[in-house]
Number of protein chains: 2
Amino acid sequence: MLSHKAKYALKALLFLAQQDENHISRTIEIAEAANIPKKFLEQILLDLKRGHYVGSKQGKFGGYYLLKSKNDITLADIHRLFDGAIALLPCASLNFYEPCSDCTSESECLLRHGLMTIRDETLKAMQGITISSLVKK
Amino acid sequence: MLSHKAKYALKALLFLAQQDENHISRTIEIAEAANIPKKFLEQILLDLKRGHYVGSKQGKFGGYYLLKSKNDITLADIHRLFDGAIALLPCASLNFYEPCSDCTSESECLLRHGLMTIRDETLKAMQGITISSLVKK
DNA sequence: ACTAATTCTATAAAAATAGTAGAGTTAATG
DNA sequence: CATTAACTCTACTATTTTTATAGAATTAGT
């Protein structure tokens, strides 16, 4: 399941993607349009900025805008940024690999292989969903 | 990601699946073989029992055994039993549907459709992984 | 009766999540 | 250059979920 953060991030990105090119949106606008607590959204937008998904303009008449193309922001990206690994266990993860503390031998682990299969399929599916594809629905 | 409970449940089921037909395994055996805290495993086995995945025999020489066929226990089943919805948001879930509190109109939600696509693909993949298929690896 | 196992309920400790507060910084404008 | 309106940053708090643990009750074989 997605955390609220990830969900809010997606909703914010969808909002930004629907604005005119070069338009700058204030946090409060996004918060009200997408029904997100404003102070919470501030943090989320900063995270999106640090991930180079959005850009910002400071000061009066400042705000946020999409930095990457709608086509280049996938569900997988946002999941990883806010919720971490896409794999079902850290030992099966590409980007967030960690051995299981209860695992005696990873190579003999019966679970890991199956979970890596799932990861590959889920990842492929999630990389197929972009902000652009969502807006078009 | 899977919770420890779900991971431990899978490991316990894998252990049971590898025993001889009609063999009964004590909790302590499973716990030691799979490196799971015994008292925690007790709860998990009870949940698996309530889900009709394992059966138990009480009293001296009691223990647990697989009730369903290895082929009929899927990763999707265990995920749902311990970690709930497979969908990324409750509003996109088949078995754990709930509307989002922040959603003003579900029919106009741009996220939901994409998440239902992901759910269908993930679910299909997870239903393809059975205890039996894991043991064979 | 004794022993060894599951069953059940309650509790506790730790971690993660969700959200809030408030001071600081930046930039436009008159 | 003061004012205003925006983003930025750090810290904190409250809640919920997760991960167990404790201990009494029940069951059944010998």
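Each chain gets a letter, A, B and so on, in the order its sequence line appears, and its residues count up from 1. The structure presented is a predicted model; accordingly, all values stated were derived computationally and were not measured.
- Of the candidates C:dT20, C:dT7, C:dA18, C:dT20 carries the atom nearest the A:K39 side chain, counting heavy atoms from C-beta on.
- In this structure, the CG atom of A:L89 is 15 Å from the C1' atom of D:dT18, given to the nearest Å.
- Position along DNA chain C of the nearest nucleotide to B:S56 versus A:D83 favours B:S56 as the more 5'-ward residue.
- Contact annotation: side chain of B:Q43 to base of C:dT7, donor-acceptor pair absent below 3.5 Å.
- Here B:I24 is tied into one hydrophobic group with B:Y65, B:L67, each link being a pair of ILVMFWY side chains closer than 4.5 Å.
- Applying the salt bridge (Lys or Arg N to Asp or Glu O under 4.0 Å) test to every pair with at least one member in residues 36-64 of chain B, sequence neighbours left out, gives these pairs: B:K5-B:D47, B:K38-B:E42, B:K39-B:E42, B:D47-B:R50.
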Reading nucleotides 24-30 of chain C 5' to 3', which nucleotides get B (base under 4.0 Å from a protein heavy atom), which S (sugar-phosphate only), which -? --BBSS-
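- Under the ring pair (Phe, Tyr, Trp, His ring centres under 6.0 Å) criterion, A:H79 pairs with no residue at all, not counting sequence neighbours.
- In this structure, NZ of A:K38 is placed 12 Å from P of D:dA5, rounded to the nearest angstrom.
- Remark: side-chain polar atoms of A:T117 are paired, donor with acceptor, to backbone N or O of A:H113 under 3.5 angstrom.
- Here A:L13 contributes atom CG and A:L134 contributes atom CG; the two are 10.0 Å apart, rounded to the nearest 0.5 Å.
- Regarding A:I44, its CD1 atom lies at a distance of 9 Å from the P atom of C:dA18, rounded to whole Å.
- Side-chain proximity of A:E42 to D:dC9, C:dT7, D:dC7: nearest is D:dC9.
- When the C1' atom of D:dC12 is taken as reference, atom CZ of A:F40 falls 14 Å away, rounded to whole Å.
- Protein atom CG of B:D47 is 12 Å distant from nucleotide atom C1' of C:dT7, rounded to whole Å.
- For B:K68, the NZ atom counts as densely surrounded, since its 6.0 Å shell holds more than 12 non-hydrogen atoms of other residues, nucleotides or ligands.
- Rounding to the nearest 0.5 angstrom, the gap separating the CG atom in B:L16 from the CG atom in B:L66 is 6.0 Å.
- Residues of residues 17-31 of chain B having a heavy atom closer than 4.0 Å to DNA chain C, listed by number: B:R26, B:T27.
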Could you give me the CA-CA distance, side-chain angles and deciding distance for B:R119 and B:S93, then say whether side-chain contact (heavy atoms from CB on, under 4.5 Å) is met? CA-CA 8 Å; B:R119 178 206 66 199; B:S93 172; 5.6 Å; no
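- Across the protein-nucleic acid pair, B:L46 atom CG and C:dA5 atom P stand 16 Å apart, rounded to whole Å.
- The distance between atom CG of B:L45 and atom C1' of D:dA20, rounded to the nearest whole Å, is 15 Å.
- For D:dA20, one of the phosphate oxygens OP1 or OP2 lies less than 4.0 angstrom from a side-chain nitrogen or oxygen of B:Y8.
- Phosphate contact (OP1/OP2 of C:dT6, side-chain N/O of B:Y65, threshold under 4.0 Å): absent.
- Within the structure, the side chain to side chain donor-acceptor pair (under 3.5 Å) test picks out no pair touching residues 26-37 of chain B (sequence neighbours left out).
- Distance from the side chain of A:R50 is smallest for D:dC9 among the nucleotides D:dC9, C:dA18, D:dT19.
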Let's go through A:T130 and A:N71 carefully: what are the C-alpha distance in whole Å and the side-chain angles of both, what is the deciding distance for side chain to side chain donor-acceptor pair (under 3.5 Å) to 0.1 Å, and is it a yes or a no? CA-CA 6 Å; A:T130 64; A:N71 299 305; 4.8 Å; no
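- Rounded to a whole Å, the CD1 atom of A:I36 is 13 Å from the P atom of C:dT20.
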